[in-house]
**Q** 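Structure below; questions to follow.
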Amino acid sequence: KDLANGHSNKALAAFHELKQSGMKLVFIEGNHEFRIAEAMRGAFGMETHVGEGEVRIGGKRILLCHGDLADPKDYGYRFLHWALRNPITAAAASLAPPSLALAVARLASDQSRAYKSGRGERLTVLFREKAKRAIADGFDAAIFGHSHWPVLETVEVPGRSGTFANCGDWVEHFTYLRFDGNVFTLEKVDPVPKRTEPSKVSTPPDSRSSI
């Protein structure tokens, strides 16, 4: 509990520091969070979304999407996602011992870890198709998470093109996405940082281009 509180305090302190620096904060709730977007709405001037949301940066229209519901055939997870987030379950969880609620949350988290179950490539295909639809609808970029599979590509649709990206993770790939107001780059840091400047990372074999 103390360790968890320590991590939470560090995260809140980091949010405060970023806010004080003038940075806009956007939070996309994913499969590891339960009603966090609702709880954090307005804190630190933060913009929050459940699952996905649209932001505009540098004049570009960007879709941010966690992606845990991208697989329409993952019926078990989709049911679990619904069951854990409906109002009845939320009310019951508020009465349950914290240890039981934590155990259920961990079970849901483990069931949806795409990178552990070897579905990273399959989810990338699904994300790419969703990105194409978003770009056809007028978005300039579609950025995903969830699969923990770093990707940076240019995708083509009739009459226009846009960026499809996945940030990767801080567990295996140590990657993140950077946008300088004009172009996206996929960056990487050392697992144990030895320098202050991040190094570039090549995209995986299934990624067709860099932006």
Side-chain angles (χ1 to χ4, degrees), residues 7 10-11 14-15 18 23-33 36-37 48-55 57-58 60 62-71 74 77 81 106 108-135 139-155 161-211:
H7 286 309
K10 289 180 180 179
F15 286 148
L18 291 171
M23 184 175 293
K24 178 181 179 180
L25 304 179
V26 180
F27 179 85
I28 306 295
E29 183 177 287
N31 57 296
H32 292 270
E33 297 87 40
I36 298 298
T48 64
H49 301 275
V50 178
E52 65 180 60
E54 176 183 341
V55 298
I57 307 175
K60 293 186 180 294
I62 300 171
L63 175 67
L64 300 178
C65 183
H66 179 73
D68 59 321
L69 295 175
D71 187 350
D74 194 350
Y77 174 70
H81 181 278
R106 284 176 174 168
S109 175
D110 290 342
Q111 289 297 315
S112 62
R113 288 181 185 271
Y115 66 92
K116 279 190 173 182
S117 58
R119 294 187 293 127
E121 295 89 343
R122 170 174 167 74
L123 285 175
T124 295
V125 172
L126 295 171
F127 293 164
R128 186 181 292 114
E129 292 306 310
K130 184 176 177 68
K132 288 180 179 179
R133 293 192 297 270
I135 291 166
F139 283 92
D140 297 293
I143 300 171
F144 298 80
H146 187 58
S147 68
H148 300 222
W149 193 264
V151 176
L152 182 60
E153 301 177 4
T154 295
V155 295
S161 64
T163 299
F164 160 51
N166 189 306
C167 301
D169 65 19
W170 292 89
V171 179
E172 295 183 356
H173 300 101
F174 301 95
T175 54
Y176 65 98
L177 201 65
R178 180 191 290 267
F179 181 60
D180 66 2
N182 186 35
V183 298
F184 290 93
T185 55
L186 194 60
E187 312 269 339
K188 183 174 183 177
V189 295
D190 292 327
V192 179
K194 297 179 181 179
R195 54 182 180 273
T196 57
E197 291 295 325
S199 58
K200 301 288 183 179
V201 62
S202 299
T203 54
D206 65 316
S207 297
R208 292 188 290 267
S209 63
S210 297
I211 311 305

**Q** Any side-chain heavy-atom pair from Ile57 and Phe179 closer than 4.5 angstrom?
**A** yes
**Q** For the residue pair Cys65 and Lys130, what are the closest heavy atoms and their distance?
**A** SG-CE, 3.6 Å
**Q** Rounded at 0.5 Å granularity, tell me how far NZ in Lys60 sits from CG in Asn182.
**A**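 Going from NZ on Lys60 over to CG on Asn182, the span is 6.0 Å.
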**Q** Report the residues that fulfil side chain to side chain contact (heavy atoms under 4.5 Å, CB included) with Ile135, sequence neighbours left out, ordered by chain and then residue number.
**A**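 Only Val155, Val157, Arg160 meet the side chain to side chain contact (heavy atoms under 4.5 Å, CB included) criterion with Ile135.
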**Q** Hey, could you give me the OG1/NE2 distance between Thr175 and His148, rounded to the nearest 0.5 Å?
**A**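 The distance works out to 10.0 Å.
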**Q** Are the side chain of Asn166 and the backbone of Pro150 linked by a donor-acceptor contact shorter than 3.5 Å?
**A**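 Judged by distance alone, no pair lies under 3.5 Å.
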**Q** Can you tell me how far apart CE (Met23) and CZ (Phe15) are? Round to the nearest 0.5 Å.
**A** 12.0 Å
**Q** Measure the CG-CZ distance between Leu177 and Phe184 for me, rounded to the nearest 0.5 Å.
**A** 6.0 Å
**Q** According to ring pair (Phe, Tyr, Trp, His ring centres under 6.0 Å), who are the partners of Phe144, at least two apart in sequence or on a separate chain?
**A** Phe127, Phe164
**Q** What distance separates Leu152 CG from Glu187 CD, expressed to the nearest 0.5 Å?
**A** 10.0 Å
**Q** Tell me every residue that passes side chain to side chain contact (heavy atoms under 4.5 Å, CB included) with Phe139, counting only those two or more places apart in sequence or in another chain.
**A** Glu54, Arg61, Leu63, Ala134
**Q** Assign the ring pair Trp170 / Tyr176 to parallel, tilted or perpendicular, where the plane angle (0 to 90°) is split at 30° and 60°.
**A** parallel
**Q** Using side chain to side chain contact (heavy atoms under 4.5 Å, CB included) as the criterion, list what pairs up with Val26, not counting sequence neighbours.
**A** Lys24, Ile28, Glu47, His49, Val55, Leu64
**Q** Counting C-beta onward and ignoring hydrogens, is there a side-chain heavy-atom pair between Thr124 and Arg128 closer than 4.5 Å?
**A**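 A side-chain contact exists here, since the closest heavy-atom pair is under 4.5 Å.
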**Q** To the nearest 0.5 Å, what is the distance between OG1 on Thr163 and CD1 on Ile62?
**A** 8.5 Å
